[in-house]
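Predicted model, so just to flag it, every value in this text is computed and none were measured. This chain uses plain numbering: 1 for the first residue, then up along the sequence.
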Amino acid sequence: MDHNEPTRNLALELARVTEAAALAAGRFMGRGDKEGADAAAVNAMRLVLQTVGMNGIIVIGEGEKDNAPMLYNGENVGNGSPPDVDVAVDPIDGTRPLAFGRTNSLATVAIAPRGTMFNPGPFVYMNKLAVGPEAKGKINIEKSITENLQAIAKAKNKDVQDLTTIILDRPRHDAMIAEIRKVGARIRIIPDGDVAAALMTAWPDTGVDVLIGIGGTPEGVLAACALRAMGGEIQGKLYARDEDELRRGREAGYDFDKILTMDDLVASEDVFFAATGITDGELLKGVRYFGDGARTDSIVVRGLTGTVRQITATHRIDKLRQLGEIKY
C-alpha cells in the first residue's frame with residue numbers, strides 16, 4: 001500500500017481543525033466585523049492544521065480571493081509526516097452571514113491525495129449544479145434549468161412544483177431565478193454560503209433538492225469532497241467575469257467550456273471533509289457559549305467508506321486557552 005495515500009482516517013483530526021476555527025470566529029457573530037472574524041478563523045485553523053499528521057499543501061486557500069497572509073495557495077500545512085495530501089480550506093463559508101448574525105455560516109476543510117484536487121488558480125468563479133443521492137447521475141449542467149428540474153423531480157418521484165432550489169442572491173442570477181419561477185419550483189435565495197447550500201442537497205430534512213448558480217470555484221471543490229462521501233453529485237463550468245479574464249484563462253490552459261465533473265474537481269474517493277457550524281442553520285447548529293465553555297456541532301465525512309459522522313462536542317475554554325495561543 002502506498003503510504004502517500006491518506007487511507008488513515010484523518011476525519012476526526014480535521015474536526016479539531018474546524019472546531020477551533022468556529023470557536024474563534026463565533027465570537028464575532030453579528031458584530032459587523034468580517035475582517036476580524038476571518039482573521040480569527042484563519043489563525044485558529046492554521047495553528048491546529050499544523051498539528052495534523054500529514055504533509056499538506058494548500059490547493060484551495062485564502063490567497064486568490066482575499067490576499068490572506070496565512071492559508072494561502074501553496075502553503076505547507078501539517079506536521080510533515082505522511083500522507084502527502086492536497087488541502088482545501090474555507091475558514092468561514094459565509095463571512096457576511098456571520099458578521100450580520102444570519103444563518104448557515106460554517107468552518108470547512110477537506111483533504112485528498114496529492115495531485116487530485118482541481119486547482120482553479122485565479123479563476124475563482126464557476127457555474128454549479130449540485131444534488132443529493134436520489135438525483136445523482138440525472139443532471140447535466142449543459143441542459144436548461146427547466147430540463148434539469150424535470151429530471152430531478154422524476155428521480156425523486158416528485159412534481160417540479162415540489163422541488164426546492166437554492167441559489168445565491170446575485171444580479172447575475174436574475175434570468176435563472178425567472179426560469180425557476182416560470183417552471184414552478186420553489187426557491188431559497190441566500191446571501192452567501194454555497195458550500196453549506198451544496199451539502200444541504202444531500203442532507204436529510206433540510207428540504208433542499210438542488211443548488212443552482214454561479215459561485216466560488218474553491219467552494220465547489222470543497223463541496224465535491226463532501227458530496228463524494230454523502231452520495232451526491234456536483235457539476236460545474238468555469239465562469240469568466242469578463243472578456244479579459246476569459247482570455248487570460250484560456251492562455252493559462254483553462255477550458256471554460258468543459259464540464260467539471262466530480263472526478264475533475266477531486267479525482268479520488270479517498271477524501272475527508274469536515275465542517276463545524278458557526279451560526280445556526282439547517283445543516284448544523286452554531287457555536288453555543290456558556291459560563292466556562294462552549295458547544296459545537298460538526299459533521300465529518302470519509303469518502304472511502306461513505307461514513308458521515310455527526311459530532312457534538314463540549315469544550316472547556318479555560319483549558320483550551322492554556323494549551324495554545326488561539327483566542328477563543
Side-chain angles (χ1 to χ4, degrees), residues 58-66 71 73 86-95 104-112 115-132 135-136 139-142 145 148 165-170 172-173 176 190-203 208-241 245 249 252 254-269 271-275 283 301 303:
I58 300 284
V59 174
I60 302 294
E62 293 284 279
E64 297 295 347
K65 278 180 153 182
D66 304 311
L71 297 182
N73 294 7
D86 291 341
V87 182
V89 300
D90 195 349
I92 305 176
D93 174 49
T95 310
N104 289 316
S105 180
L106 306 175
T108 66
V109 64
I111 64 171
T116 61
M117 278 189 188
F118 179 71
N119 185 347
F123 307 105
V124 294
Y125 287 93
M126 66 186 288
N127 193 12
K128 289 184 270 194
L129 186 63
V131 292
K136 181 179 179 180
I139 58 173
N140 185 335
I141 198 166
E142 293 201 311
I145 288 174
N148 276 295
T165 63
I166 193 164
I167 190 168
L168 289 170
D169 186 9
R170 301 289 187 272
R172 61 180 178 257
H173 291 153
M176 293 184 187
I190 57 172
D192 292 281
D194 58 348
V195 175
L199 269 59
M200 284 183 210
T201 66
W203 193 246
V208 173
D209 297 288
V210 53
L211 165 72
I212 293 173
I214 297 159
T217 310
E219 289 83 355
V221 175
L222 277 157
C225 291
L227 288 172
R228 267 197 176 276
M230 299 170 80
E233 181 181 5
I234 184 169
Q235 293 182 5
K237 293 180 75 172
L238 289 176
Y239 173 80
R241 289 169 286 184
E245 187 168 82
Y254 288 89
D255 185 352
F256 286 78
D257 298 315
K258 175 182 171 62
I259 296 177
L260 296 172
T261 66
M262 298 274 280
D263 286 335
D264 293 311
L265 295 170
V266 57
S268 175
E269 289 287 340
V271 297
F272 298 92
F273 172 90
L283 193 68
V301 302

Engineer: Taking D93 for the side chain and A196 for the main chain, is one N or O donor matched with an acceptor at less than 3.5 Å?
Structural biologist: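 Yes, because the side chain of D93 sits within donor-acceptor range (under 3.5 Å) of the backbone of A196.
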
Engineer: Rounded to the nearest 0.5 Å, what separation is found between the CG atom of L129 and the CD atom of E142?
Structural biologist: 11.5 Å

Engineer: Treating K128 as the side-chain partner and G216 as the backbone partner, does any N or O pair qualify as donor plus acceptor under 3.5 Å?
Structural biologist: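 Yes, K128 side chain to G216 backbone: donor-acceptor pair under 3.5 Å.
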
Engineer: When V210 is tested against each of I145, I166, V131 for side chain to side chain contact (heavy atoms under 4.5 Å, CB included), which residue passes?
Structural biologist: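 When side chain to side chain contact (heavy atoms under 4.5 Å, CB included) is applied between V210 and each of I145, I166, V131, only V131 qualifies.
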
Engineer: Are the side chains of I60 and P120 in contact, using a 4.5 Å heavy-atom criterion?
Structural biologist: yes

Engineer: Ignoring hydrogens and geometry, is there a side-chain-to-backbone donor-acceptor pair from D86 to V59 under 3.5 Å?
Structural biologist: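 Flag not set: sc D86 to bb V59 has no pair under 3.5 Å.
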
Engineer: What's the separation between atom CG in L265 and atom CD1 in I234, rounded to the nearest 0.5 Å?
Structural biologist: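 Here the interatomic distance stands at 6.5 Å.
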
Engineer: Would you compute the distance between atom NZ of K136 and atom CE of M230 and round it to the nearest 0.5 angstrom?
Structural biologist: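 With rounding to 0.5 Å, NZ (K136) is 12.5 Å from CE (M230).
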
Engineer: For the CG atom of D192 and the CZ atom of R170, what is their distance to the nearest 0.5 Å?
Structural biologist: 5.0 Å

Engineer: Is the closest side-chain heavy-atom distance between M126 and F118 below 4.5 Å?
Structural biologist: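 Of all side-chain heavy-atom pairs linking F118 with M126, none is under 4.5 Å.
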
Engineer: Do R228 side-chain atoms and S268 backbone N/O form a donor-acceptor pair below 3.5 Å?
Structural biologist: yes

Engineer: Counting heavy atoms not belonging to K237, are there more than 12 under 6.0 Å from its NZ?
Structural biologist: yes

Engineer: Using only atom types and a distance under 3.5 Å, with no angle test, would you say the side chain of Q235 pairs donor to acceptor with the backbone of I141?
Structural biologist: yes

Engineer: Specify the closest pair of heavy atoms between L227 and A198, including all atoms of both residues, with the distance to one decimal.
Structural biologist: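 For L227 versus A198, the nearest heavy atoms are CD2-O, 3.9 Å.
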
Engineer: Main chain of Y125, side chain of T217: is a donor-acceptor contact present, judged purely on distance under 3.5 Å?
Structural biologist: yes

Engineer: Would you check if the side chain of N148 reaches a backbone N or O of N140 as a donor-acceptor pair within less than 3.5 Å?
Structural biologist: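 Yes, because the side chain of N148 sits within donor-acceptor range (under 3.5 Å) of the backbone of N140.
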
Engineer: Please report the interatomic distance CH2(W203) to CG(L283), rounded to the nearest 0.5 Å.
Structural biologist: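 Those atoms lie 6.5 Å apart.
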
